[in-house]
Colleague: 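If you scroll down you'll find the structure; I have some questions about it.
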Amino acid sequence: MKYWITKLVIFTVFLCNLLLISHHARAEPLNTLPVVENLAVAENNFGEKPQEDFWQFRQLVKGTKKLQGLFNLYSQENLGEVFLEIKPEQLNKNYLATVTLESGIGESGIYSGSPLADYLFYFQRVNNNLHFVVRNVKFRTAASQAEQRSLARSFSDSVLYSLPINSIDPRSKSILVNLDDLLMQDFPGLTPLLKYSLQADYHLERSKSSFSDVNSLPENLEIDAIYGFSSPEGADLVTLPDSRALTLKVHYSFSQLQGNNSYIPRLADDRVGYFITAFQDFSHNTEEPFVRYINRWHLEPSDPNAPLSPPKQPIVFWIENAVPQSYRQAIREGVLMWNQAFAKAGFENAIEVRQMPDDADWQPADVRYNTIRWFNSLDAGFAKGPVRVNPLTGEILDADIIIDANMVLSVQHEYRALMEDNSSLGNMCRRQERKRQGAGGNRGEGDIKRIFSPHPYFSELCYSHNTSEQAAMGALALSLLQNTQPSSEAMQEYVHQYLRYLIAHEVGHTLGLRHNFHGSTMLAPQELNNTEMTRTKGLVGSVMDYLPVNIAPQGVQQGDYFPRVIGPYDEWAIEYGYKNSLHAVDEVMTPEVEKIFLQQIALASPQPELSYATDEDIWDLNPLANVWDMSSDVLVYSQWQMDNARVMWQRLDEHYLPQGESYSHLRVLFDKVLKYYFRNAALLSKYIGGQSFRRTHVSDDSSWAFVPVPLAKQRQALAELQEYVFAEDAFSFSPKLLNQLAPSRWQHWGSYVPNNRLDYPIHERVLSFQRTILRSLLDSERLHHLQDIELKTPSEQALSIPDLFDTLQKGIWTEVFTAAEPKPISSIRRSLQREYLDILLEMVLNNVDIPEDGRTLAWYELRQLQNAIDTQLKELGKQADIYTLAHLQFSSDRITKVLNAQLVSN
């Protein structure tokens with residue numbers, strides 16, 4: 001009897017379930033994806049799916065803590081297992097994922113606060129799996145459904161992950177997945193990052209990885225995950241106790257992409273430097289297939305009709321509670337500098353600064369907060385201002401500026417003992433450049449581009465690394481030229497000015513602005529230290545330039561070291577990006593309708609103080625678009641700085657170091673001044689064959705887009721290079737100073753004693769810089785420029801290739817061309833002359849790619865040089881020193897053999 005009762009109960013339950021399934025099937029809309037009820041993905045020992053269990057959803061979440069919010073989470077105690085619930089209405093809907101590295105290792109590019117990835121994604125159910133799909137926003141159309149179908153077939157989205165569905169609620173149809181399956185399979189891409197940065201293979205250890213905090217809020221989901229990595233051999237790391245294992249913490253923010261109906265995407269203009277969101281539009285058959293929106297915040301005036309109105313929602317930056325108290329005021333001032341520009345755009349107090357409380361219940365990486373963060377490292381020395389953007393409209397949604405403490409510490413506390421440029425970041429920048437240029441090449445060729453004109457594809461980290469060097473160099477100059485002590489008020493003011501400018505620059509990036517490397521050319525050299533002008537009009541046209549420290553020349557009272565106010569270009573750019581246009585026309589506002597309003601603003605671009613040149617512009621030979629230059633006349637400015645460097649060397653020679661200080665500090669300082677000297681010398685080389693470039697449109701004015709550097713300026717630049725770089729008396733150091741340049745003898749982690757020679761290699765260092773500049777003057781790119789410019793200007797106004805060759809040869813070989821009487825040739829001059837000879841011989845032997853006119857001129861110059869050397873040898877007889885005789889005889893013999901070899905080969 002019990003047996004039949006049991007069978008009846010089972011049949012009744014089965015029938016009820018069948019009716020329930022039938023009811024849901026009838027209620028389900030026809031256009032939805034098919035739903036598989038109560039999917040169980042685990043397989044039994046026979047590889048079969050377990051039988052359906054309608055209570056599985058409840059069983060999986062039983063005993064868990066439910067966190068309700070944008071996505072519901074079910075977490076077990078101690079976050080041992082976390083389930084993510086996806087409601088049916090959340091499928092195929094756009095969400096934004098931002099991924100941030102919350103903890104790093106403090107070296108080699110793995111730094112706390114660094115952004116890792118941003119995704120516009122959606123969840124899609126496919127059979128028994130839930131797909132995490134990154135949406136393709138590069139191609140769009142507003143045309144017919146037929147064209148939309150064509151785009152969907154032509155360009156694919158990216159399915160990054162396929163997650164097994166653990167269960168589906170039979171009533172709500174909500175899908176339940178294990179969060180481990182999404183985030184614990186190296187979602188942030190740390191494995192390839194570690195391989196690239198550390199040059200070692202690290203593997204994710206699931207057993208060492210876990211969630212440390214999860215929180216679901218109404219508009220966003222915040223998750224912290226800890227990842228453990230291991231490597232059998234480890235990497236060459238000094239910040240870890242054992243480099244075979246490391247732990248990284250990652251913060252995730254998943255938020256709904258809000259559709260803001262009042263936000264109007266703003267079209268970009270190439271005369272105003274904004275980061276852009278671009279896509280290809282197939283809706284219209286036009287000559288320009290791309291639509292480009294600038295990246296900007298959504299600012300709306302409270303009163304659109306008022307000339308000055310507070311915004312409905314200001315841009316708020318929070319200073320992280322990890323920022324030292326002594327720096328917070330400078331940071332605050334740097335942020336608020338931009339309110340000057342927003343006021344001209346019609347917004348009062350558009351930006352606010354608030355302090356993150358010490359007991360804050362939110363994290364800086366939370367997508368709801370814009371933060372200015374502080375981190376420590378062994379070798380970073382940079383600041384960066386990344387933003388998160390709506391990839392559909394260009395609206396900026398979140399910004400987090402990160403600052404390495406070394407950016408300030410190297411200035412304030414270690415300004416006399418600056419570190420050698422052998423950091424991991426410095427090496428990474430050089431490694432990227434070598435990879436870009438390719439293997440091989442002649443000695444030193446391309447170095448000038450690496451050191452003085454970074455390629456536009458370089459990471460901003462490489463720029464910022466040089467920023468801290470510049471600031472530390474300025475502090476050194478402040479001490480050497482003005483005898484200022486580190487603890488004095490002057491040094492504190494210097495650090496304050498530097499940090500304020502640094503923050504203003506990074507905040508500019510978070511407002512959407514790109515670099516403007518034309519910004520430093522607004523004032524004449526004589527105006528740079530006139531504080532009445534620099535504190536009203538500005539020290540520079542834009543703080544978005546990479547600026548050197550403004551060091552006054554000898555005999556001139558020092559003005560501001562860094563800008564106190566933003567420049568005219570900055571105000572104009574903010575006006576273009578943020579000025580309200582709703583009252584400009586009566587019709588419904590769209591990006592296309594707004595275009596006329598924006599063009600009226602952009603028409604001001606020909607004004608000199610509004611000149612704009614960004615990363616991709618500085619790779620050309622443009623003396624007005626550079627990093628680390630200052631003033632409208634770099635020829636004057638650079639000469640001032642080289643004269644300052646010579647004074648600094650003299651002060652170092654006069655017992656600059658205090659009693660008890662190690663001479664290794666003197667060596668570092670000497671080398672830094674030498675690098676500063678040649679950095680300014682290299683700026684002069686941009687004048688040779690150079691041309692300015694302006695992003696003009698036809699209606700702007702009648703000026704040319706390209707304007708060659710006047711011949712007089714080019715000749716002046718060559719004359720200064722000869723005097724400060726190639727002349728016999730360009731470098732004169734006392735034996736006492738050179739014999740005090742001792743190396744550091746500390747041998748431990750983070751400080752290694754070099755295995756090369758102990759004394760300072762003065763010949764090698766001077767020649768390496770001379771070689772860099774000389775080879776850049778005679779490289780293929782410059783010779784092609786000179787050849788083309790001869791066609792673009794009247795012949796009497798162009799510097800020709802023969803002029804360049806003849807000037808350099810007679811300046812470098814003065815001892816055999818114009819010497820009043822025979823005299824010994826110094827060792828530094830002999831090295832330079834050999835380098836020059838090597839370059840011309842390579843040209844004649846067809847070992848380098850140069851214009852054919854350059855090759856024949858090299859042959860001609862070699863013949864002239866050989867005649868001059870032979871004449872000099874006859875006058876010297878046997879009276880000259882053996883160094884000079886051997887040098888001249890060997891040089892003449894080399895020329896003879898190469899010319900003969902070239903003749904035979906032809």
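For the single chain, residues carry numbers from 1 onward in sequence order. It should be emphasised that the depicted structure is a prediction, and the values quoted were computed from it without experimental measurement.
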Colleague: With a 4.5 Å heavy-atom cut-off, do His203 and Ser231 have their side chains touching?
Modeller: no
Colleague: Does Gln313, at its CD atom, have more than 12 non-hydrogen atoms belonging to other residues, nucleotides or ligands within less than 6.0 Å?
Modeller: no
Colleague: Look at Arg266 together with Glu594 and state whether they make a salt bridge at an N to O cut-off of under 4.0 Å.
Modeller: yes
Colleague: For a quick test of reading the model, state the closest non-hydrogen atom pair linking Leu248 to Ile105 and the distance between them.
Modeller: CD2-CG2, 4.1 Å
Colleague: Mark yes or no for whether Ser243, through its side chain, and Leu240, through its backbone, hold a donor-acceptor pair below 3.5 Å.
Modeller: no
Colleague: Using the ring of each side chain (for Trp, its six-membered ring), is Tyr578 parallel, tilted or perpendicular to Phe342, with breaks at 30° and 60°?
Modeller: perpendicular
Colleague: For the pair Ser114 (side chain) and Leu101 (backbone), establish whether a donor and an acceptor sit closer than 3.5 Å, ignoring hydrogens and angles.
Modeller: no
Colleague: To the nearest 0.5 Å, tell me how far Thr393 OG1 sits from Phe279 CZ.
Modeller: 10.0 Å
Colleague: Compute the centroid of each ring, for Phe57 and then for Phe83, and state whether the two points are separated by less than 6.0 Å.
Modeller: no
Colleague: Given side chains that start at C-beta, do those of Asn220 and Arg368 come closer than 4.5 Å, heavy atoms only?
Modeller: yes
Colleague: Do Trp338 and Ile574 touch side chain to side chain, with heavy atoms closer than 4.5 Å?
Modeller: yes
Colleague: Within the distance-only criterion (no hydrogens, no angle test), does the side chain of Tyr202 pair as donor or acceptor with the backbone N or O of Ala245 below 3.5 angstrom?
Modeller: no
Colleague: Would you check if there is a donor-acceptor pair between the side chains of Ser377 and Asp404 at a distance under 3.5 Å?
Modeller: yes
Colleague: Say you draw a straight line from CH2 of Trp297 to CG of Leu511; how long is it, rounded to the nearest 0.5 Å?
Modeller: 8.5 Å
Colleague: Tell me whether the count of non-hydrogen atoms from other residues, nucleotides or ligands lying under 6.0 Å of NZ in Lys66 goes above 12.
Modeller: yes
Colleague: Pick from Asn92, Asp157, Asn94: which one makes a side chain to side chain donor-acceptor pair (under 3.5 Å) with Tyr122?
Modeller: Asp157
Colleague: As an exercise, state the distance from CG of Leu151 to NZ of Lys138, rounded to the nearest 0.5 Å.
Modeller: 14.5 Å
Colleague: Is there a donor in the side chain of Asn178 and an acceptor in the side chain of Glu81, or the other way round, less than 3.5 Å apart?
Modeller: yes
Colleague: Mind checking the OG1-NE2 spacing from Thr98 to His251? Nearest 0.5 Å is all I need.
Modeller: 7.0 Å
Colleague: Give the minimum heavy-atom separation between Asp181 and Leu163, together with the two atoms involved.
Modeller: O-CD2, 3.3 Å
Colleague: Just by distance, with hydrogens left out, do Thr510 and Asn370 show a side-chain donor and acceptor under 3.5 Å apart?
Modeller: no
Colleague: With side chains defined as the heavy atoms from C-beta onward, is the minimum distance between Ile264 and Pro591 less than 4.5 Å?
Modeller: yes
Colleague: Establish, yes or no, whether a centroid distance under 6.0 Å links the rings of Tyr161 and Phe187.
Modeller: yes
Colleague: Does this structure show an ion pair linking Asp118 with Arg388, if we count only N-O contacts that are shorter than 4.0 Å?
Modeller: yes
Colleague: Assess whether a salt bridge exists between Asp169 and Arg58, defined as any Lys/Arg side-chain N lying under 4.0 Å from an Asp/Glu carboxylate O.
Modeller: yes
Colleague: Whether the side chain of Ser302 engages the backbone of Pro310 through a donor-acceptor N/O pair (distance < 3.5 Å, no angle test) should be reported.
Modeller: yes
Colleague: Distance from Tyr576 atom OH to Arg296 atom CZ, nearest 0.5 Å?
Modeller: 9.5 Å
Colleague: Considering residues at least two apart in sequence or located in another chain, which fulfil the salt bridge (Lys or Arg N to Asp or Glu O under 4.0 Å) criterion with Arg373?
Modeller: Glu102, Glu320
Colleague: Among side-chain atoms of Thr141 and Gln148, is any donor-acceptor pair under 3.5 angstrom?
Modeller: no
Colleague: Within the structure provided, determine whether Tyr274 and Tyr293 are in side-chain contact (heavy-atom separation under 4.5 Å).
Modeller: no
Colleague: Is the shortest side-chain heavy-atom distance between Pro188 and Tyr252 below 4.5 Å?
Modeller: yes
Colleague: Taking the side chain as every heavy atom from C-beta outward, state whether Phe275 and His509 have any pair of such atoms under 4.5 Å apart.
Modeller: yes
Colleague: On a heavy-atom basis, which atom in Leu299 and which in Pro314 lie closest, and how many Å separate them?
Modeller: CD2-CA, 4.5 Å
Colleague: Can you confirm if the aromatic rings of Phe132 and Phe121 lie within a centre distance of less than 6.0 Å?
Modeller: yes
Colleague: Could you give the distance from CG (Leu60) to CG (Asn166), rounded to the nearest 0.5 Å?
Modeller: 6.0 Å
Colleague: Go through the side-chain N and O atoms of Asp186 and Thr191 and say whether any donor and acceptor fall under 3.5 Å apart.
Modeller: yes
Colleague: Other residues, nucleotides and ligands only: do more than 12 of their heavy atoms fall within 6.0 Å of CZ on Arg244?
Modeller: no
Colleague: What residues form a side chain to side chain contact (heavy atoms under 4.5 Å, CB included) with Asn349, not counting sequence neighbours?
Modeller: Asn339
Colleague: Of all heavy-atom pairs between Ala350 and Pro311, which one has the smallest distance, and what is that distance?
Modeller: CA-CG, 3.9 Å
Colleague: Can you see whether Glu205 engages Ser230 through a side-chain donor-acceptor pair at a distance of less than 3.5 angstrom?
Modeller: yes
Colleague: Would you say the side-chain atoms of Ser172 pair up with the backbone N or O of Ser174, donor to acceptor, closer than 3.5 Å?
Modeller: yes
Colleague: Output yes when a side-chain donor or acceptor of Thr100 lies under 3.5 Å from a complementary backbone atom of Pro115, and no otherwise.
Modeller: no
Colleague: Keeping the roles fixed (side chain from Asn129, backbone from His131), state whether a donor-acceptor pair exists under 3.5 Å.
Modeller: no
Colleague: Walk me through it: do Ile226 and Thr247 pass the test side chain to side chain contact (heavy atoms under 4.5 Å, CB included)?
Modeller: CA-CA 7 Å; Ile226 296 175; Thr247 301; 3.3 Å; yes
Colleague: Does the ring centre of Phe375 sit less than 6.0 Å away from the ring centre of Phe382?
Modeller: yes
Colleague: Could you walk me through whether Phe254 and Tyr95 pass ring-ring contact (aromatic ring centres under 6.0 Å, His included), step by step?
Modeller: CA-CA 7 Å; Phe254 296 91; Tyr95 295 94; 8.9 Å; no
Colleague: Inspect the surroundings of CD in Glu352 and state if more than 12 heavy atoms from other residues, nucleotides or ligands are less than 6.0 Å away.
Modeller: yes
Colleague: Start with the C-alpha gap between Arg149 and Glu147, add the side-chain angles, then the distance that decides, and say whether salt bridge (charged side-chain N to carboxylate O under 4.0 Å, His left out) holds.
Modeller: CA-CA 5 Å; Arg149 294 191 191 100; Glu147 288 180 315; over 6 Å; no
Colleague: What verdict does the side chain to side chain contact (heavy atoms under 4.5 Å, CB included) test give for Val387 and Asp398, after you've listed the backbone C-alpha separation in whole Å, the side-chain angles of each residue and the deciding distance to 0.1 Å?
Modeller: CA-CA 6 Å; Val387 297; Asp398 174 59; over 6 Å; no
Colleague: What are the two closest heavy atoms between Ile372 and Val335, and how far apart are they?
Modeller: CD1-CG2, 3.5 Å
Colleague: Taking all atoms of both residues into account, what is the closest heavy-atom pair of Ile396 and Gly512, and its distance?
Modeller: CD1-N, 3.9 Å
Colleague: Might you work through the side chain to side chain donor-acceptor pair (under 3.5 Å) test for Thr277 and Asn295, ending with a clear yes or no?
Modeller: CA-CA 7 Å; Thr277 294; Asn295 295 346; 2.7 Å; yes
Colleague: Determine all donor-acceptor pairs shorter than 3.5 Å in which one atom belongs to a side chain in residues 355-365; sequence neighbours excluded.
Modeller:
residue, atom, partner, partner atom, Å
Gln355, NE2, Ile319, O, 3.0
Gln363, NE2, Asp224, OD2, 2.4

Colleague: Start with the C-alpha distance between Leu392 and Leu120, add both sets of side-chain angles, then the distance that settles side chain to side chain contact (heavy atoms under 4.5 Å, CB included), and finish with yes or no.
Modeller: CA-CA 9 Å; Leu392 299 176; Leu120 180 68; 4.1 Å; yes
Colleague: Are any non-hydrogen side-chain atoms of Leu73 and Leu221 less than 4.5 angstrom apart?
Modeller: yes
